[in-house]
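These notes are about the structure you will find just below.
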Amino acid sequence: MKKTQSHRDLKVWQEAMNLVVIIYELTEKFPSNEAFGLASQLRRAAVSIPSNIAEGAGRKGGKEFARFLYIALGSLSEVETQIEIAVRLQYLKDIEEIYKTVYFIRSMLSNLIKSLK
């Protein structure tokens with residue numbers, strides 16, 4: 001990342017922000033008894049992705065940035081798992097587009113990490 005660039009300029013951050021909106025919209029349709037359960041967990045994990053990208057971008061040095069990108073990858077895996085749980089509980093269906101977004105973000109995070117090494 002160039003020194004004059006902000007985390008807002010990173011395509012991966014932008015896509016992660018879009019994923020947060022998608023997750024919030026999807027979890028609105030969850031049963032009300034899940035408001036403090038799976039829906040909340042899924043939202044927190046989704047929010048963690050762009051938050052860690054932003055925090056890492058704000059740190060000095062590529063090594064520390066990469067560490068936060070790895071944390072974002074972990075949160076992305078959490079989101080993927082929680083989406084699968086929601087599917088198995090029949091809270092969600094037709095999730096192909098969500099998975100495409102998840103895979104795209106994972107690819108971008110992995111490539112960004114590689115570029116920092």
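The residues of the chain are indexed from 1 along the displayed sequence.
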> Which distance, rounded to the nearest 0.5 Å, do you find between the CG of Asn52 and the NE2 of His7?
Replying inline: 12.0 Å
> Counting only N and O atoms by type, is there a donor-acceptor contact under 3.5 Å from the side chain of Gln82 to the main-chain atoms of Leu38?
Replying inline: no
> Can you tell me how far CE of Met17 sits from CD1 of Ile22, rounded to the nearest 0.5 angstrom?
Replying inline: 12.0 Å
> Tell me, which pairs form a ring pair (Phe, Tyr, Trp, His ring centres under 6.0 Å) where one or both residues lie in residues 36-64, sequence neighbours left out?
Replying inline: none
>> Quick test of your reading: applying salt bridge (Lys or Arg N to Asp or Glu O under 4.0 Å), list the pairs with at least one residue in residues 62-74, sequence neighbours left out, ordered by first then second residue.
In response: Arg59-Glu64, Glu64-Arg67
Could you tabulate the donor-acceptor pairs under 3.5 Å formed by side-chain atoms of residues 104-117, not counting sequence neighbours?
{"unit_1": "Arg106", "atom_1": "NH1", "unit_2": "Glu80", "atom_2": "OE1", "d": "3.3"}
{"unit_1": "Arg106", "atom_1": "NH2", "unit_2": "Glu80", "atom_2": "OE1", "d": "2.8"}
{"unit_1": "Ser110", "atom_1": "OG", "unit_2": "Arg106", "atom_2": "O", "d": "3.0"}
{"unit_1": "Asn111", "atom_1": "ND2", "unit_2": "Ser107", "atom_2": "O", "d": "3.3"}
{"unit_1": "Ser115", "atom_1": "OG", "unit_2": "Leu112", "atom_2": "O", "d": "2.7"}
{"unit_1": "Lys117", "atom_1": "NZ", "unit_2": "Tyr70", "atom_2": "OH", "d": "3.0"}

> How many angstroms lie between CG in Leu10 and CG in Leu69, if you round to the nearest 0.5 Å?
Replying inline: 8.5 Å
> How would you list all residue pairs meeting salt bridge (Lys or Arg N to Asp or Glu O under 4.0 Å) that involve residues 70-79, not counting sequence neighbours?
Replying inline: none
> Of all residues at least two apart in sequence or in a different chain, which pass the ring-ring contact (aromatic ring centres under 6.0 Å, His included) check with Phe68?
Replying inline: none
>> Please list all pairs meeting salt bridge (Lys or Arg N to Asp or Glu O under 4.0 Å) that have one or both residues in residues 87-97, counting only residues at least two apart or in different chains.
In response: Glu84-Arg88, Glu96-Lys100, Glu97-Lys100
> What are the two closest heavy atoms between Val79 and Ala46, and how far apart are they?
Replying inline: CG2-N, 3.5 Å
> Where is the tightest heavy-atom contact between Phe65 and Gly56, given as atom of each residue plus distance?
Replying inline: CD1-C, 3.2 Å
>> Measuring from atom CG of Leu76 to atom OH of Tyr103, what distance do you get when rounded to the nearest 0.5 angstrom?
In response: 10.0 Å
> side chain to side chain contact (heavy atoms under 4.5 Å, CB included) with Leu92: which residues, sequence neighbours excluded?
Replying inline: Leu26, Phe30, Ile83, Ala86, Val87, Ile95
> Residues two or more places apart in sequence or in another chain: which of them pass side-chain hydrogen bond (donor to acceptor under 3.5 Å, both in side chains) with Ser75?
Replying inline: Ser48
>> So, using side-chain hydrogen bond (donor to acceptor under 3.5 Å, both in side chains) as the criterion, who are the partners of Glu15 when residues are at least two apart?
In response: Lys11
>> Going by side chain to side chain donor-acceptor pair (under 3.5 Å), name the pairs with one or both residues in residues 29-39, residues two or more places apart or in two chains.
In response: Glu34-Tyr91
>> Who clusters with Tyr24? Use side-chain heavy atoms, under 4.5 angstrom, across I, L, V, M, F, W and Y, and order the result by chain and number.
In response: Val20, Val47
> How many angstroms lie between CG in Leu19 and CD1 in Ile23, if you round to the nearest 0.5 Å?
Replying inline: 5.0 Å
>> Test: salt bridge (Lys or Arg N to Asp or Glu O under 4.0 Å). Region: residues 35-51. Which pairs qualify, not counting sequence neighbours?
In response: Glu28-Arg43
